[in-house]
Engineer: 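Sharing a structure below in structure tokens format, with a few things to ask.
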Amino acid sequence: MENAVSTPKAEKHRSSALPLLILIAAMVLVGLVVNLFTGGSFLASKNLEVILSNSIYPTFLAWGLCFTFACGYTDMSMGGVLVLGSFAVCAFGNAFGYVGVVLGGLVVGTLLVFINFGIFASTRIPSWIASISLAMVYEALAVALRSWKLTKSAVDAELASGLRALGKWPLNAVLLVIGFVVVYFIYNKTTVGLNVRALGGNTTVARAMGINIPKTILCVGLICGLLVGVGAIVQESYNVKTYASSGLTSIQLIFKPLAIALLAQVLQKWINIIIVVPFCSVIIYAIFNIMTFFGVPSGTLQDVCLGVFVILFGILGQRGYKGVVK
């Protein structure tokens, strides 16, 4: 098992209205300043809709990462799962309508992430190593599905135009609100949420408390899988088509959710982490939107900035932590 070997980091489980209001005020102030420099384009309704729509599916993945980090694990294969889940959304959606859209994403996302955590729970392989290996497996499967004659036409197609509402405003926002209520309740108000945080603090102590560690890990896999499945539904509904490639390129799909989750860890000292994740998602996507306005090309330079954000937020989030940082 992967665990911290000393006193676990203190975690805030209650939100404070004042820090949240300060954060919102700061976001509004920065938005107004940027809007002046962009001639009113930044706060245009169409641009705001783009930022908000782009920030919703990574929010679900970031919530999943919050559960993963809370129990002391790292799953780098979520990008590969997202690709396969998006394939299922498209293939089954085009075949069976919205029932296929929803069930395709949820079933594939839940099944694969649950398998991941089953491997984490039953082996002593460090989760980041196991998950990178699983990412390669999922990428290979995605490439194969796009190559096989029997499946190529189904997964290589675009999601039908009449099945894209879950990725568009306002239904994607409705999904976000429902997801927030459910995730907040599970993380903060249930025995599963308490056990997850206890497991991340110290496995030995968690076992002494009578916590069933394998069961808790599998519960995390189930929760994260559902969140990745919803993320796949929203992502495919918004982007219409998903591409597959090998060489661990799927890990790039979780870099922004990772930056969001790490920034949320920094801010959880003042605001409950589940509450602050959607705001962090908007912040991250707004930053890249601003970069585009100011001529920073998408691709290499923006990826460099994303890498810097991940490192910086990771450092800030672990300040004062006395233990083994995984």
Side-chain angles (χ1 to χ4, degrees), residues 54-89 105 108-117 119-120 126-142 179 183 220-221 223-236 238-239 242-266 273-274 277-278 280-285 287-288 298-299 302-314 317 326:
N54 273 292
S55 67
I56 289 178
Y57 97 80
T59 297
F60 284 95
L61 268 66
W63 276 329
L65 288 171
C66 287
F67 276 92
T68 303
F69 294 159
C71 72
Y73 285 82
T74 303
D75 189 350
M76 302 300 291
S77 71
M78 283 187 179
V81 176
L82 183 71
V83 170
L84 291 175
S86 298
F87 280 0
V89 169
V108 172
T110 303
L111 177 63
L112 295 182
V113 178
F114 188 78
I115 289 173
N116 293 357
F117 278 80
I119 293 173
F120 300 160
S127 60
W128 66 273
I129 294 177
S131 62
I132 288 177
S133 301
L134 288 165
M136 296 175 67
V137 172
Y138 297 148
E139 286 181 357
L141 179 57
V183 174
V220 173
I223 295 166
C224 291
L226 288 169
L227 290 170
V228 174
V230 175
I233 292 169
V234 177
Q235 190 276 147
E236 182 69 11
Y238 183 75
N239 291 324
T242 301
Y243 297 91
S245 58
S246 57
L248 292 177
T249 54
S250 65
I251 292 180
Q252 294 178 355
L253 296 176
I254 66 168
F255 261 52
K256 287 180 180 176
L258 179 60
I260 293 164
L262 291 175
L263 178 57
Q265 283 189 329
V266 176
I273 192 169
I274 302 301
V277 160
C280 293
S281 185
V282 172
I283 290 171
I284 293 297
Y285 274 83
I287 288 174
F288 285 94
S298 60
Q302 291 194 11
D303 287 345
V304 169
C305 293
L306 179 59
V308 171
F309 292 153
V310 170
I311 294 172
L312 178 61
F313 298 153
K326 296 169 284 299

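As the structure is a computational prediction, the values presented were derived from the model and not from experiment. The chain is numbered in sequence order, starting from 1. Quick note: numbers below take in every heavy atom, side chains included, and nothing from hydrogens, waters or symmetry partners.
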Engineer: Rounded to the nearest 0.5 Å, how far does CG of L134 lie from CD1 of I119?
Structural biologist: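 The distance works out to 4.5 Å.
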
Engineer: Contact between I260 and W63 at the side-chain level, heavy atoms closer than 4.5 Å - yes or no?
Structural biologist: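 The answer is no, as the side chains (C-beta and beyond) never meet within the 4.5 Å cut-off.
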
Engineer: Which heavy atom of S77 sits nearest to which heavy atom of S131, and what is that distance?
Structural biologist: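 Looking at all heavy atoms of both residues, the closest pair is CB-O, 3.3 Å.
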
Engineer: Could you report the tightest heavy-atom contact between V83 and A244, atom names first, then the distance?
Structural biologist: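 Result for this residue pair: CG1-CB, 4.2 Å.
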
Engineer: Would you mind reporting whether C224 and D75 have side-chain heavy atoms less than 4.5 Å apart?
Structural biologist: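 D75 vs C224: side chains apart.
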
Engineer: Got a second to check how far C66's SG is from Q265's CD, nearest 0.5 Å?
Structural biologist: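 Rounded to the nearest 0.5 Å, the SG-CD separation comes out at 7.0 Å.
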
Engineer: For the atom pair CG (N54) and CD1 (I284), what is the distance rounded to the nearest 0.5 Å?
Structural biologist: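 So the CG of N54 and the CD1 of I284 are separated by 13.0 Å.
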
Engineer: For the residue pair M76 and I254, establish whether any side-chain heavy-atom pair is separated by less than 4.5 Å.
Structural biologist: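 The answer is yes, as the side chains (C-beta and beyond) meet within the 4.5 Å cut-off.
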
Engineer: Is any side-chain heavy atom of F60 closer than 4.5 Å to one of V228?
Structural biologist: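 No, every pair of side-chain atoms sits at 4.5 Å or beyond.
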
Engineer: Mind checking the CD-CG spacing from Q252 to L258? Nearest 0.5 Å is all I need.
Structural biologist: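 Going from CD on Q252 over to CG on L258, the span is 13.0 Å.
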
Engineer: Flag the pair M78 / L65 as yes when at least one side-chain heavy-atom distance between them is below 4.5 Å, and no otherwise.
Structural biologist: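 Heavy-atom side-chain distance check passes, below 4.5 Å.
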
Engineer: Tell me the closest heavy-atom pair linking I273 and A264, and the distance in Å.
Structural biologist: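 Minimum heavy-atom separation between I273 and A264: CG1-CB, 3.8 Å.
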
Engineer: Taking the side chain as every heavy atom from C-beta outward, state whether F120 and V220 have any pair of such atoms under 4.5 Å apart.
Structural biologist: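 Result no, sub-4.5 Å side-chain heavy-atom pair not found.
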
Engineer: Does the side chain to side chain contact (heavy atoms under 4.5 Å, CB included) test come out yes or no for Y57 and L82, once each step is laid out?
Structural biologist: CA-CA 10 Å; Y57 97 80; L82 183 71; 3.7 Å; yes

Engineer: Quick one: pull up CD in E139 and OG in S245 and give me the separation to the nearest 0.5 Å.
Structural biologist: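 Separation between the atoms: 6.5 Å.
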
Engineer: Go through it in stages, so that I can follow the logic: the residues are I283 and I287, the test is side chain to side chain contact (heavy atoms under 4.5 Å, CB included), and I'd like the CA-CA distance, side-chain angles, deciding distance and then a yes or no.
Structural biologist: CA-CA 6 Å; I283 290 171; I287 288 174; 4.0 Å; yes

Engineer: Can you tell me if Y285 has over 12 outside heavy atoms packed within less than 6.0 Å of its OH?
Structural biologist: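 Atom OH in Y285 is crowded, with more than 12 foreign heavy atoms closer than 6.0 Å.
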
Engineer: Establish, from distance only, whether the side-chain atoms of Y138 and N116 form a donor-acceptor pair under 3.5 Å.
Structural biologist: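 Their side chains do contain a donor-acceptor pair, which is all the 3.5 Å distance test asks for.
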
Engineer: Report yes if some heavy atom in the side chain of I223 is under 4.5 Å from a heavy atom in the side chain of L227; otherwise report no.
Structural biologist: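 SC-SC contact between I223 and L227 confirmed.
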
Engineer: Please check this pair: side chain of S281 against backbone of S55, looking for a donor-acceptor N/O pair closer than 3.5 Å.
Structural biologist: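 Yes, because the side chain of S281 sits within donor-acceptor range (under 3.5 Å) of the backbone of S55.
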
